[in-house]
2 protein chains.
Amino acid sequence: MPRTSDISQKLIMLRKAHGLSQRKLAKRSGVSNGTISIIENGGNLTVSMLKKILNGIPMSLSQFFAEDVVGNDPKIFFSKTELTELSEGGVSFKQVGGDLYGKAIQLLSETYAPGATTGHHALRHDGEECGMILTGYLTVTVGEKTQTLGPGDAYYFHSSAPHSFKNDGIEVCRLISACTPPTF
Amino acid sequence: MPRTSDISQKLIMLRKAHGLSQRKLAKRSGVSNGTISIIENGGNLTVSMLKKILNGIPMSLSQFFAEDVVGNDPKIFFSKTELTELSEGGVSFKQVGGDLYGKAIQLLSETYAPGATTGHHALRHDGEECGMILTGYLTVTVGEKTQTLGPGDAYYFHSSAPHSFKNDGIEVCRLISACTPPTF
DNA sequence: GTAATGTGTTTAGTATAATGAGCAAGTTAC
DNA sequence: GTAACTTGCTCATTATACTAAACACATTAC
């Protein structure tokens, strides 16, 4: 048996993040304390066992195995500025690190609710733009080209080309994009 | 043992969707055929076993447990270019959408293994740089300022200031950053 | 016909996941 | 001090996940 594993590391992290000892977690999840110890040291475990343990966190299997995604509750910004939000019609733009107007680059954290769109009259402005889908699916139209992108997919284009975004999926789409120069 | 379960149902669906018999899937994933049968009838199974089986589909644990059962294989890059990786010493830079040298902007998907660093002799180059932590923690030093950032946190600075990155945590740190102009 | 392949299931044996008590070390209280 | 409590880990025992081979039933070939 391996000395450690991704699962064990993740469990340890989760347990400690919730301020629980092995015994407390064992009690909460109805598992023996010895089992927790073995698993945290890299032992194998059944899916149902993992489910029971996560139940004491609490957390779902889906959450546990989720490709990690942007955290919520924004905190300190190293850039000393706040994160500002511009939201309308299910589309939300968050200017990461605050408004950097006048700077050469702007990072945005965007979310598109299911069905949300920037509108079919496409946007046009100066600069360049690229982004990467974190979760969900987004249909991107640039000029006459349309592509539906999923997690891990990316786009890049000159902003002078007419472009629009739409979430045709059933789940929220989140992405990170960068554009230059800032247009907001 | 239950006569059926969500996991077994999902596995059956997946196997059939790929036109595989129990024996074929067993062969592909290096598992005994009997085990497949038992599991499909609701038997319990270890996480590593599930991983092995999914390996023959193929599918990741993350995908298997994902809430959405939408299509997979994200591959196409809307920018028509490939994602290239530059990795050394636990630090990995992935140029999202390929090398955009000559363009005004470059999006990077970066990962820092626990303990990994860009080196204490700080980097200096032209342009501006900003990024956002997705998972894990990263200690960012710019000039004389040092800050440890977590998920959702962001940084922004002029690249001409000496800067370095280090993962002091115990888990992998992943972030998305954008810089201009590209320096790779 | 029956021989050869395919399917999913069952079974005996073995490897190992899980239990719960007990261990050693470290805090805190008094 | 030492008594009460915590921490995580170890160990014999029990429960069970997993294997490999055999089973029962199909379909196809000749």
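Just so it is clear, the values below take in all heavy atoms, side chains as well, and ignore hydrogens, waters and symmetry mates. Order of the sequence lines sets the chain letters (A, B, ...), proteins ahead of strands, with each chain counted from 1.
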Between C:dG6 atom P and B:Leu20 atom CG, what is the distance in whole Å? 14 Å
Rounded to the Å, how far apart are A:Leu50 CG and C:dA18 P? 10 Å
Any side-chain N or O of B:Gln22 under 4.0 Å from OP1/OP2 of C:dT7? no
Could you grab the distance from atom OG1 of A:Thr46 to atom NZ of A:Lys52, nearest 0.5 Å is fine? 8.0 Å
Please examine the side chains of B:Ile53 and B:Phe64, heavy atoms only from C-beta on, and report whether any two atoms are closer than 4.5 Å. no
Step-by-step side-chain contact (heavy atoms from CB on, under 4.5 Å) determination, A:Val31 to A:Ile39: CA-CA 11 Å; A:Val31 176; A:Ile39 288 170; 6.0 Å; no
From CG (B:Leu11) to CD1 (B:Ile36), nearest 0.5 Å: 7.5 Å
What nucleic acid atoms does B:Ser37 come within less than 4.0 Å of, heavy atoms only: base, sugar-phosphate, or nothing? base
To the nearest Å, give me how far apart CD (A:Glu40) and P (D:dC9) are. 7 Å
Parallel, tilted or perpendicular, judged at 30° and 60°: which one describes the rings of A:Phe165 and A:Tyr112? tilted
Please report, rounded to the nearest Å, how far the P atom of C:dA17 is from the CG atom of B:Asn44. 12 Å
I'd like to check A:Lys51 versus A:Leu61 (side-chain heavy atoms, cut-off strictly below 4.5 Å). Are they in contact? yes
Taking side chain as C-beta onward, heavy atoms only, is A:Leu25 less than 4.5 Å from A:Ile57? yes
Both B:Lys24 and B:Ser48 contact DNA chain C. Which one's nearest nucleotide lies toward the 5' end? B:Lys24
Side-chain N or O of B:Arg15 less than 4.0 angstrom from OP1 or OP2 on C:dT7? no
Between atom CG in B:Leu45 and atom C1' in C:dT16, what is the gap in whole Å? 14 Å
Hey, could you give me the OG/CZ distance between A:Ser32 and A:Arg23, rounded to the nearest 0.5 Å? 10.0 Å
I'd like a table of atom pairs between the protein and nucleotides 19-21 of chain D - only N or O on both sides, under 3.5 Å - with the distance next to each one.
unit_1, atom_1, unit_2, atom_2, d
D:dT19, OP2, B:Ser32, N, 3.3
D:dT19, OP2, B:Ser32, OG, 3.1
D:dT19, OP2, B:Thr35, OG1, 2.6

So B:Leu175 and B:Glu110, side-chain contact (heavy atoms from CB on, under 4.5 Å) or not? Walk me through it. CA-CA 5 Å; B:Leu175 68 126; B:Glu110 311 181 16; 4.0 Å; yes
Report each atom pair, protein N/O against N/O of nucleotides 3-5 of chain D, whose distance is under 3.5 angstrom.
none

Output the rounded distance in Å from CD1 (B:Ile39) to C1' (C:dT9). 14 Å
D:dT16 phosphate, OP1 or OP2: any side-chain N/O from A:Thr46 under 4.0 angstrom? no
